[in-house]
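Report on the following structure.
Numbered from 1 within each chain, the chains take letters A, B, ... in sequence-line order.
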Amino acid sequence: MDDGQLDATFAALSDATRRAILAKLAHGEATVNELAQPFDMSLPAISKHLKVLERAGLISRGRNGQFRPCRLEADGLDVATDWIEHNRQIWTERFDKLSAHLRDLQKTPSTKGTPS
Amino acid sequence: MTATTNADDLDEVTIVRVFAAPRELVFACMTDPTHLTHFWGPVGVSTPIENITVDLRVGGVFETVMVNDESGETYPSKGVYTEITPPSVLAWEEPSGMANRSEFIDLGDGRTEVRIHQTNVPAMYRSPEAQAGMKSSLDRFATYLATQTS
């Protein structure tokens with residue numbers, strides 16, 4: 001995994017406005033104007049956020065026409081979902097071990113001596 | 001279980017597991033180093049009892065240093081308890097600001113459901129330490145996945 005890409009992705013995801021932009025783009029392409037509407041922010045401010053997201057590989061922008069619609073790039077999100085999956089994996093393995101430990105703790109002495 | 005690529009889901013994580021044991025015992029396991037040492041490390045990783053600090057009071061420290069069985073690499077983690085209500089709620093916050101809150105639910109048939117709710121998850125990404133740790137975690141995870149699929 002490319003460390004620079006990872007840094008850029010995490011930095012991009014650390015901002016609530018940018019996460020909200022991604023959430024909106026999950027429903028489909030949108031122009032800068034459409035993205036600016038719900039956020040009470042100036043177009044330059046939104047554009048700045050979009051640049052960060054674009055650099056992080058989380059979105060791409062159309063090259064044609066003045067509106068340059070933004071689109072979610074799911075691959076960029078993989079870094080975040082990978083972490084979340086990894087975190088889930090740790091807890092799954094941890095809880096598998098806890099289940100086994102709880103089984104051991106609850107073994108009654110009478111079953112230990114039972115001939116098989 | 002499928003991975004979702006939904007930006008709405010990146011803020012919070014919920015992990016649920018049912019254990020065949022009474023609530024008091026499950027809660028004790030999550031708060032007592034003599035129990036934690038048996039299960040805190042995932043597969044291939046141990047947590048020796050001397051590497052576990054539990055100061056079980058609000059504001060007290062919950063600290064662990066997990067050790068990779070093969071390489072000896074260590075994975076320290078630290079939290080501060082924010083809520084302790086035996087045997088039903090246990091919560092701590094990590095230095096990054098990510099919060100872990102576990103609810104222990106008595107299912108009434110001798111089983112206990114544990115629901116871990118992690119919030120402010122992206123805060124994990126802000127601290128350089130967490131990023132460094134995560135990079136090596138992701139690398140390890142990639143290695144692990146490679147062994148699973150080869």
Ring pair (Phe, Tyr, Trp, His ring centres under 6.0 Å) against A:F95, all qualifying residues, sequence neighbours excluded: A:W91, B:F19

If hydrophobic clusters are built by linking Ile, Leu, Val, Met, Phe, Trp and Tyr wherever their side-chain heavy atoms come under 4.5 Å apart, do [X] and [Y] end up in the same one?
{"X": "A:I21", "Y": "A:L43", "result": "yes"}
{"X": "B:V80", "Y": "B:I84", "result": "no"}
{"X": "B:V89", "Y": "B:V18", "result": "no"}
{"X": "A:L105", "Y": "B:M30", "result": "yes"}
{"X": "A:M41", "Y": "A:L53", "result": "yes"}

Euclidean distance, [Y] [atom2] relative to [X] [atom1], rounded to 0.5 Å:
{"X": "B:H35", "Y": "A:H101", "atom1": "NE2", "atom2": "NE2", "value": "5.0 Å"}
{"X": "B:I15", "Y": "A:I90", "atom1": "CD1", "atom2": "CD1", "value": "9.5 Å"}
{"X": "B:H38", "Y": "A:L102", "atom1": "NE2", "atom2": "CG", "value": "11.0 Å"}
{"X": "B:R17", "Y": "A:T92", "atom1": "CZ", "atom2": "OG1", "value": "6.0 Å"}

Kindly say whether B:W40 contributes a backbone atom to a donor-acceptor pair with the side chain of A:K97 at under 3.5 angstrom? no

Using heavy-atom distances under 4.5 Å, tell me whether [X] contacts chain A through its side chain, its backbone, both, or neither.
{"X": "B:A20", "answer": "backbone"}
{"X": "B:L36", "answer": "neither"}
{"X": "B:T14", "answer": "backbone"}

Nearest heavy-atom pair of B:V13 and A:R88: which atoms, and what distance? CG1-NH2, 3.7 Å

Shortest non-hydrogen separation from B:V43 to A:E93 and the atoms involved: N-OE1, 2.8 Å

Count the heavy atoms belonging to other residues, nucleotides or ligands that lie under 6.0 Å from CD of B:E50, then report whether that count exceeds 12. yes

